[in-house]
Number of protein chains: 2
Amino acid sequence: MKPTVHDIASKAGVSLATVDRVINLRPGVHAVTRAKVETAILELGYVRDMAAANLAKGRSYALVFILPNNDNSFMAGLRAEVRAAASRSYVDRTSIRIIEVPPFDAAALAQALDVARLEKPSGVAFVAIDAEDVVEAVDRLTDSGIAAVTLVSDLTGSRRDHFAGVDNVAAGRTAASLMGRFLPEKGGDVAVLAGSMLVKDHRERLAGFKAVMEEEFPDLRLLPVLEGRDDPDTVQRLVAECLETNPQLLGLYSLGAGNRGLIKALKSSRQLSSPCVIAHELTENTTNALAEGVLDAVLNQNAGHEVRSAIRVLKARADGLAVIEAQERIRIDIFLRDNLP
Amino acid sequence: MKPTVHDIASKAGVSLATVDRVINLRPGVHAVTRAKVETAILELGYVRDMAAANLAKGRSYALVFILPNNDNSFMAGLRAEVRAAASRSYVDRTSIRIIEVPPFDAAALAQALDVARLEKPSGVAFVAIDAEDVVEAVDRLTDSGIAAVTLVSDLTGSRRDHFAGVDNVAAGRTAASLMGRFLPEKGGDVAVLAGSMLVKDHRERLAGFKAVMEEEFPDLRLLPVLEGRDDPDTVQRLVAECLETNPQLLGLYSLGAGNRGLIKALKSSRQLSSPCVIAHELTENTTNALAEGVLDAVLNQNAGHEVRSAIRVLKARADGLAVIEAQERIRIDIFLRDNLP
DNA sequence: CTGTTAGCGCCTTCAT
DNA sequence: ATGAAGGCGCTAACAG
């Protein structure tokens with residue numbers, strides 16, 4: 001039988017309250033008494049039943065998600081996943097609030113982080129933008145004892161507790177590797193389309209892509225990077241122009257979002273041979289494009305997994321508990337036409 | 001405030017015990033009373049707190065995992081994941097027992113299923129072998145009200161509740177697609193190495209691989225399938241022979257396990273140009289082989305995810321609850337040298 | 001500093 | 001067929 005507080009109380013010769021004080025690191029226990037209790041805990045191999053503890057506390061984890069209100073399917077999907085998690089909150093003992101902020105706006109994000117902090121939640125998850133005032137706002141959060149998790153895009157130099165997202169350098173490298181091997185000919189031009197160099201995930205994907213291209217496929221030339229700000233219309237215009245001016249384009253790597261525009265541009269282009277195109281994030285649009293052969297591969301991060309992972313980590317941090325590391329590693333999904341879900 | 005049994009009791013004008021009887025579908029409640037309670041439940045939007053219920057019941061989910069004692073890294077990893085889950089059982093309210101059976105032995109599996117049934121656990125997870133007596137044993141399980149989940153390899157025709165594994169037809173198709181695109185030349189021989197045609201996952205991978213090869217890469221000829229029984233030594237011998245007799249082999253798809261032998265054979269072969277090799281399951285061996293360029297791609301199923309998923313599903317089935325479908329879909333991971341974990 | 005008591009939401013005797 | 005009372009493991013007042 002699993003030992004309970006009663007067992008350790010009687011073994012240590014103290015009352016339940018004292019045991020509770022020791023377990024919860026509360027003050028007001030004589031060092032000697034505390035030692036007795038701790039010994040009993042160790043000897044009996046006691047592990048506290050969090051379900052019972054949460055029941056007694058009537059605890060509910062208040063969580064804030066700060067998400068950009070981008071008009072692209074990936075972010076829409078991410079927001080939907082957070083809402084889905086919020087709708088399960090009655091069983092999770094969580095209460096999730098969403099704050100939407102304009103995309104690529106560091107000041108707005110920093111401000112939202114401060115707003116979140118004042119609500120004194122158990123934890124905050126947010127899509128980071130690389131900027132000093134964001135870093136400072138995050139550190140204010142952790143200083144207040146609030147768990148902080150970055151989602152999708154990480155924030156170096158901050159004291160966030162965890163990053164729920166993929167290894168974006170590896171994603172870029174993978175894209176390059178696939179493209180290099182998919183292209184039959186050597187020598188030719190490859191275009192790269194990013195969202196914004198303001199966010200770390202895009203910079204990292206680009207770095208990974210460039211690195212492998214230079215190391216392993218030196219005959220492929222990279223054209224100057226286009227920035228579409230993850231906006232479908234902007235992306236469509238940029239890609240259409242690019243295809244126009246480079247009729248013999250071999251490959252195109254779209255490392256950001258706004259692929260609706262990308263696909264439209266590709267479909268309406270009248271190239272002799274269509275380029276090998278690799279994009280990110282599996283949505284209805286990219287799924288169809290893959291099936292039709294407009295895209296050759298899609299790298300994906302599972303937004304549902306990221307959100308559920310962020311919640312698990314925030315709850316665990318709030319309780320000072322460990323997580324199953326392997327479960328929280330977000331993998332890079334590679335989709336071809338053949339393994340669509 | 002979330003409604004509790006007290007709220008619905010007072011609203012329905014009955015006692016807690018009666019409410020409990022209705023909630024748990026226990027007999028001994030007048031139809032009229034039951035209706036009153038059910039109305040109250042609906043009107044208040046009551047959802048029962050499973051954590052509190054489990055606490056009161058002192059419930060622990062007894063789970064049995066039946067696993068083949070194969071000598072290959074994938075199965076060893078799977079067994080390790082189950083043991084890891086078992087070691088977390090004190091927090092999961094599960095008690096997991098592992099039964100090991102000889103590989104590819106339908107009779108032994110059927111017998112183990114019957115043994116498991118007699119222990120009256122909440123659920124059973126097992127790696128299926130396609131055979132009639134296994135199907136019957138599984139149906140005896142579900143007839144006894146025990147949840148049954150297939151792991152890694154599925155069992156058609158049985159009444160198992162769920163399959164915790166990947167879409168193996170898609171995996172085979174994906175392998176073919178990658179290989180066809182990776183191979184620079186047209187025309188040539190491709191070898192396929194399976195474990196056993198007795199298990200459904202291997203048959204499905206082969207079918208998917210063949211289908212795409214025929215549809216999209218008709219110039220690549222498939223050599224007769226080799227069966228290595230997932231045994232490293234057998235595999236090594238078969239592959240060495242194959243490389244010997246087909247010096248100009250273009251590609252090799254290893255759709256089973258025992259890749260230790262595959263890699264040894266590849267390394268010691270003195271081919272002019274090494275073939276494009278795609279294998280399954282990321283282990284220490286295949287990871288190293290990918291990094292060294294001996295393998296070109298590895299398709300993986302995350303054993304940890306499969307085990308955790310099986311446990312979640314078994315627990316949910318035992319309680320008659322729903323699961324988050326998306327969370328239980330096991331994805332096919334594609335690993336290249338560039339996205340190794 | 002330490003102990004007693006009541007209760008979180010639910011389930012299970014045992015009466016009635 | 002229904003209800004009252006006690007308890008699951010833990011925490012939170014409130015006393016001492």
Side-chain angles (χ1 to χ4, degrees), chain A residues 1-38 40-41 44-61 89-95 122 318-321, chain B residues 1-38 40-41 44-61 89-95 122 318-321:
Chain A
M1 214 44 213
K2 234 176 53 180
T4 74
V5 274
H6 290 92
D7 300 321
I8 100 147
S10 64
K11 168 131 187 156
V14 297
S15 74
L16 290 185
T18 301
V19 173
D20 185 69
R21 290 188 185 100
V22 174
I23 289 175
N24 290 291
L25 307 172
R26 271 188 282 264
V29 183
H30 196 94
V32 183
T33 320
R34 156 161 289 128
K36 276 195 299 186
V37 174
E38 281 166 348
I41 290 182
L44 290 149
Y46 168 82
V47 274
R48 110 126 126 344
D49 182 334
M50 278 308 277
N54 283 337
L55 172 59
K57 281 200 275 227
R59 165 157 210 173
S60 153
Y61 301 80
S89 58
Y90 63 90
V91 55
D92 284 4
R93 293 196 120 77
T94 56
S95 105
S122 301
D319 291 335
L321 294 180
Chain B
M1 213 43 215
K2 234 177 54 180
T4 73
V5 275
H6 291 92
D7 301 321
I8 102 145
S10 65
K11 168 133 187 156
V14 296
S15 74
L16 292 184
T18 302
V19 173
D20 185 70
R21 291 188 183 100
V22 174
I23 289 175
N24 290 291
L25 307 172
R26 270 189 283 265
V29 183
H30 198 93
V32 184
T33 320
R34 156 161 289 127
K36 276 196 300 188
V37 174
E38 281 166 348
I41 289 182
L44 266 49
Y46 167 81
V47 275
R48 105 115 105 25
D49 182 334
M50 275 311 259
N54 283 336
L55 172 60
K57 280 199 272 231
R59 165 154 211 175
S60 154
Y61 301 80
S89 58
Y90 63 89
V91 55
D92 284 3
R93 291 196 123 76
T94 56
S95 103
S122 301
D319 291 336
L321 294 179

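Shown here for B:Ala40 and B:Lys11, the closest heavy-atom pair between the two residues is CB-CG, 3.8 Å. Across B:Ser122 and B:Tyr61, no two heavy atoms sit closer than the pair OG-CA, 3.8 Å. Nearest heavy atom pair, residue A:Asp49 against residue B:Arg93, reads OD2-NH1, 3.1 Å.
Mapped onto DNA chain C by nearest heavy atom, B:Ala52 and B:Ala17 fall at different nucleotides, with B:Ala52 at the one closer to the 5' end.
In this structure, B:Arg21 contributes its side chain and B:Pro27 its backbone to no donor-acceptor pair below 3.5 Å.
In the 5' to 3' direction, nucleotides of DNA chain C lying under 4.0 Å from heavy atoms of chain A begin and end at C:dC1 to C:dG9.
Here CE of B:Met50 is found 5.0 Å from CG of B:Leu321. Values are rounded to the nearest 0.5 Å.
Rounded to a whole Å, the CG atom of A:Leu55 is 12 Å from the C1' atom of D:dG7. If you measure from atom CD1 of A:Ile41 to atom P of D:dG9, you get 16 Å, rounded to the nearest angstrom. Atom P of nucleotide D:dC8 and atom CG of A:Asp49 are separated by 13 Å, given to the nearest angstrom. To the nearest angstrom, P of D:dT11 lies 13 Å from CZ of A:Arg93. As a whole-Å value, the separation of A:Tyr46 OH from D:dC10 C1' is 7 Å. Across the protein-nucleic acid pair, A:Lys2 atom NZ and D:dC8 atom C1' stand 11 Å apart, rounded to whole Å.
OP1 and OP2 of D:dG9 both lie 4.0 Å or more from every side-chain N or O belonging to B:Tyr90.
Here the rule is side-chain contact (heavy atoms from CB on, under 4.5 Å) with B:Val37, and of B:Ile23, B:Val29, B:Ile8 only B:Ile8 fits it. With respect to B:Arg48, the side chain to side chain donor-acceptor pair (under 3.5 Å) criterion is satisfied by exactly one of B:Asp319, B:Asp20, B:Asn24, B:Thr4: B:Asn24.
Listed in residue order, the members of residues 18-30 of chain B having a heavy atom less than 4.0 Å from DNA chain D are B:Thr18, B:Arg21, B:Gly28, B:Val29, B:His30.
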